Amino acid sequence: MAEKQLRRNLAVLPIGTVMKLTGQTARQIRYYETQALVFPERTIGHQRMFSLNDVDRLLEIKDYLAEGTTMVQIRQIYQKKADRQRDKQLSDEKARRLLANELLSVGGLVGQRSTISQSSKLY
DNA sequence: GTTCTAACA
DNA sequence: TGTTAGTA
């Protein structure tokens, strides 16, 4: 499941393909990048390479615009979404650290017990 | 031939 | 946002 999501983030599409996929002009697509709505990678020759997720994002933007949503509003929507994802990531990391610490302490106790039992055998 | 940046009769 | 100029 995480592998699929990883592939969707692979930047493999040149702007010409994205134009056909989204029906948007190169001018628009580049403008949306300046608005931090999509984040295409760059080749060594500075050419933009978009991922499948970028295409989805562009299609979403297209719908928002069709509904009359302004660029400012769209930017805020994705900004907040990005913030929520950042917070979730942070809380996930915190949870992992807590779990890791618990496992470590349990392992430590087990180690102590075995040490105790071993030492009790010695007596 | 495609894409990029910058600029505007 | 369109379009064009000069590049890479």
Side-chain angles (χ1 to χ4, degrees):
Chain A
M1 193 59 121
E3 197 62 29
K4 244 179 204 174
Q5 190 58 38
L6 208 67
R7 292 187 206 288
R8 289 184 183 285
N9 276 315
L10 284 181
V12 293
L13 311 171
I15 198 167
T17 304
V18 177
M19 288 174 63
K20 293 175 182 174
L21 256 31
T22 65
Q24 294 165 325
T25 66
R27 178 80 163 83
Q28 289 177 305
I29 297 170
R30 293 182 187 122
Y31 173 67
Y32 299 150
E33 180 190 15
T34 69
Q35 300 304 301
L37 297 182
V38 288
F39 311 94
E41 292 176 18
R42 295 300 185 116
T43 65
I44 301 179
H46 301 152
Q47 292 192 316
R48 275 167 270 251
M49 293 298 278
F50 299 79
S51 70
L52 260 30
N53 281 333
D54 284 327
V55 173
D56 285 340
R57 171 70 61 98
L58 287 171
L59 290 173
E60 276 186 39
I61 294 170
K62 193 179 178 185
D63 288 338
Y64 277 130
L65 258 26
E67 293 171 17
T69 310
T70 66
M71 288 297 302
V72 181
Q73 294 173 316
I74 295 175
R75 221 173 54 206
Q76 292 173 338
I77 291 173
Y78 288 124
Q79 180 60 54
K80 291 205 169 187
K81 181 181 293 184
D83 287 345
R84 283 199 305 274
Q85 288 184 3
R86 178 180 53 72
D87 290 341
K88 185 183 186 308
Q89 235 178 314
L90 288 179
S91 63
D92 280 354
E93 284 179 20
K94 185 183 288 180
R96 281 175 200 164
R97 287 192 198 121
L98 285 174
L99 180 58
N101 284 334
E102 283 185 29
L103 290 177
L104 278 179
S105 60
V106 168
L109 287 176
V110 168
Q112 281 185 355
R113 270 187 205 143
S114 63
T115 299
I116 292 173
S117 60
Q118 280 180 358
S119 53
S120 61
K121 277 185 183 176
L122 292 178
Y123 281 75

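Since we're looking at a predicted model, the values are computed, not measured. Reminder, nothing fancy here: chain letters follow the sequence lines and each chain counts from 1.
Between A/His46 and A/Tyr31, it is A/Tyr31 whose nearest contact on DNA chain C lies nearer the 5' terminus. Nearest-nucleotide positions on DNA chain C place A/Leu65 closer to the 5' end than the other of A/Gly45 and A/Leu65.
Atom CZ in A/Arg42 sits roughly 10 Å away from atom C1' in B/dT3 (whole-Å rounding). Distance, A/Gln47 CD to C/dT7 P: 18 Å, rounded to whole Å.
The side chain of A/Arg48 sits closest to B/dT5 out of B/dT5, B/dT3, C/dG2. Distances from the side chain of A/Pro14 to the nucleotides B/dT5, C/dG2, B/dT3 place B/dT3 closest. Nearest nucleotide to the side chain of A/Tyr32, out of C/dT1, C/dG2, B/dT5: C/dT1.
No more than 12 heavy atoms of other residues, nucleotides or ligands shown are found within 6.0 angstrom of CD on A/Gln89.
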Please assess A/Leu99 against A/Arg96 for the test side chain to side chain contact (heavy atoms under 4.5 Å, CB included), listing each intermediate value before the final yes or no. CA-CA 5 Å; A/Leu99 180 58; A/Arg96 281 175 200 164; 5.7 Å; no

Before you tell me yes or no, could you show the steps for A/Leu13 and A/Leu52 under side chain to side chain contact (heavy atoms under 4.5 Å, CB included), namely the whole-Å CA-CA distance, both residues' side-chain angles and the distance that decides it to 0.1 Å? CA-CA 8 Å; A/Leu13 311 171; A/Leu52 260 30; 3.8 Å; yes

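Note on A/Gly16: only backbone sugar-phosphate atoms sit closer than 4.0 angstrom, heavy atoms only; bases stay farther off.
Contact between the side-chain N/O atoms of A/Gln28 and the OP1/OP2 oxygens of C/dT1 is found at a separation under 4.0 Å.
Between the side chain of A/Lys62 and the backbone N or O of A/Gln24, no donor-acceptor pair lies under 3.5 Å.
With hydrogens and angles ignored, a donor-acceptor pair under 3.5 angstrom links the side chain of A/Arg27 to the base of C/dT3.
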